[in-house]
Amino acid sequence: MAGFDKVVSSYEAAMEGLKDGDTIIAGGFGLCGIPEGLIKQIKHMQTKDLTVVSNNCGVDDFGLGILLQDKQIKKVIASYVGENALFEQQLLSGEIDVELTPQGTLAEKMRAGGAGIPAFYTATGYGTPVAEGKDVKEFNGRPYILEESITGEFAIVKAWKADRYGNLVFRHTAMNFNPMAATGKITVAEVEEIVEPGELEPSQIHTPGIFVNRVIKGSFEKRIERVTTRD
């Protein structure tokens, strides 16, 4: 983008440059705070052999799950994949590669990658299959395993508000993975409302515009993952 104005008017412009084989870091938790329109644009582009980094992979017909329908995803790095039957089918048949990662470790892999930290040590996963093949060191008598950070060609996030400079405010539970995910070489934010610079309270900004390359105003279905009602 040229200049400070990060707003684009079409989903085509928002995802311009995405190519086969890219790594995409996606914000959201379950179906909460996911960039629905950007995911639909990726499906429309029919980009293949993607590595998707996200807490989970949506459900069969919504969210990141729709990218499985045409086998656009080659690999998923996630902490939980239990709500998607198609994902399970492709995993068991060997059509997709899956790297399960502890949830906090996954969040830190995203954050550290964006901060320029190539790797870090964590106690999480030591003594389990998560630690297999990884370097182990002791600090203060406790063993830690080395985890490599994650960077992606694209990061897609969903925010509540943004200004034209790309400063983002997330709302409530959408604070989940979105701030950590906004660290791609190209970060695209799909938002509910775009305001003019100066309208956002500086102390309330969660992701500064320096991390964001493109902003698009979307419309959202906001589907509920599991609807539970009283009899």
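Below, each value reflects all heavy atoms present in this structure, side chains not excepted, and no hydrogens, waters or symmetry copies.
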Identify the heavy atoms of [X] and [Y] that sit nearest to each other, and give their distance.
X	Y	answer
Ala131	Gly125	CB-O, 3.5 Å
Ala13	Ser10	N-OG, 3.1 Å
Ala155	Ala182	CB-CA, 4.4 Å
Ala162	Val191	CB-CG1, 3.8 Å
Pro143	Val136	CB-CG1, 4.1 Å
Ala26	Ala181	C-CB, 4.1 Å

Could you tell me the separation between the [atom1] atom of [X] and the [atom2] atom of [Y], rounded to the nearest 0.5 Å?
X	Y	atom1	atom2	value
Lys43	Ile66	NZ	CD1	6.0 Å
Phe154	Ile25	CZ	CD1	12.0 Å
Asp20	Thr47	CG	OG1	6.0 Å
Asp22	Ile186	CG	CD1	8.5 Å
Ile73	Leu67	CD1	CG	4.5 Å
Leu68	Ile96	CG	CD1	5.0 Å

Would you indicate whether the side-chain heavy atoms of [Y] and [X] approach each other to under 4.5 Å?
X	Y	result
Thr151	Thr23	no
Leu64	Val76	no
Ile194	Asp163	no
Met15	Leu38	yes
Pro179	Phe170	yes
Val188	Pro35	no
Gln69	Leu86	yes
Tyr11	Lys40	no

Measure from the side-chain N and O atoms of [X] to the backbone N and O of [Y], and report whether any donor-acceptor pair falls under 3.5 Å.
X	Y	value
Ser54	Cys57	no
Arg214	Val8	no
Glu190	Gly218	no
Lys6	Tyr165	yes
Lys158	Cys32	no
Lys71	Glu95	no

Would you mind writing out the side-chain donor-acceptor pairs for residues 102-118 within the sub-3.5 Å range, not counting sequence neighbours?
{"unit_1": "Gln103", "atom_1": "NE2", "unit_2": "Asn55", "atom_2": "OD1", "d": "2.9"}
{"unit_1": "Gln103", "atom_1": "NE2", "unit_2": "Ser79", "atom_2": "OG", "d": "3.4"}
{"unit_1": "Glu108", "atom_1": "OE1", "unit_2": "Arg111", "atom_2": "NE", "d": "3.0"}
{"unit_1": "Glu108", "atom_1": "OE2", "unit_2": "Arg111", "atom_2": "NE", "d": "3.4"}
{"unit_1": "Glu108", "atom_1": "OE2", "unit_2": "Arg111", "atom_2": "NH2", "d": "2.8"}
{"unit_1": "Lys109", "atom_1": "NZ", "unit_2": "Glu147", "atom_2": "OE1", "d": "3.2"}
{"unit_1": "Lys109", "atom_1": "NZ", "unit_2": "Glu148", "atom_2": "O", "d": "2.7"}

Spell out, yes or no, whether [X] and [Y] are grouped together once hydrophobic residues are joined by side-chain heavy atoms under 4.5 Å, including indirect joins.
X	Y	result
Ile216	Ile39	yes
Val212	Met175	yes
Leu100	Leu50	yes
Val157	Leu31	no

query: Excluding sequence neighbours, so at least two apart, what forms side chain to side chain donor-acceptor pair (under 3.5 Å) with Asp61?
result: Arg223

message: Is it the case that over 12 heavy atoms from other parts of the model lie below 6.0 angstrom from the CD atom of Glu88?
response: no

- prompt: Hey, is CD1 on Ile210 packed in by over 12 heavy atoms from elsewhere, all under 6.0 Å?
  reply: no

- line: Partner of Ile24 under side chain to side chain contact (heavy atoms under 4.5 Å, CB included), picked from Val53, Thr51, Leu18, is Leu18

Cluster companions of Val195 among Ile, Leu, Val, Met, Phe, Trp, Tyr (side-chain spacing under 4.5 Å): Trp160, Val169, Leu200, Ile205

- request: Sorted by first residue and then second, give each ring pair (Phe, Tyr, Trp, His ring centres under 6.0 Å) pair with at least one member in residues 45-100; sequence neighbours left out.
  value: none

task: Give every residue pair that meets the ring pair (Phe, Tyr, Trp, His ring centres under 6.0 Å) criterion with at least one member in residues 98-151, sequence neighbours excluded.
output: Tyr121-Phe139, Phe139-Tyr144

- request: Go through the structure and list residues passing salt bridge (Lys or Arg N to Asp or Glu O under 4.0 Å) with Glu196, not counting sequence neighbours.
  value: Arg164

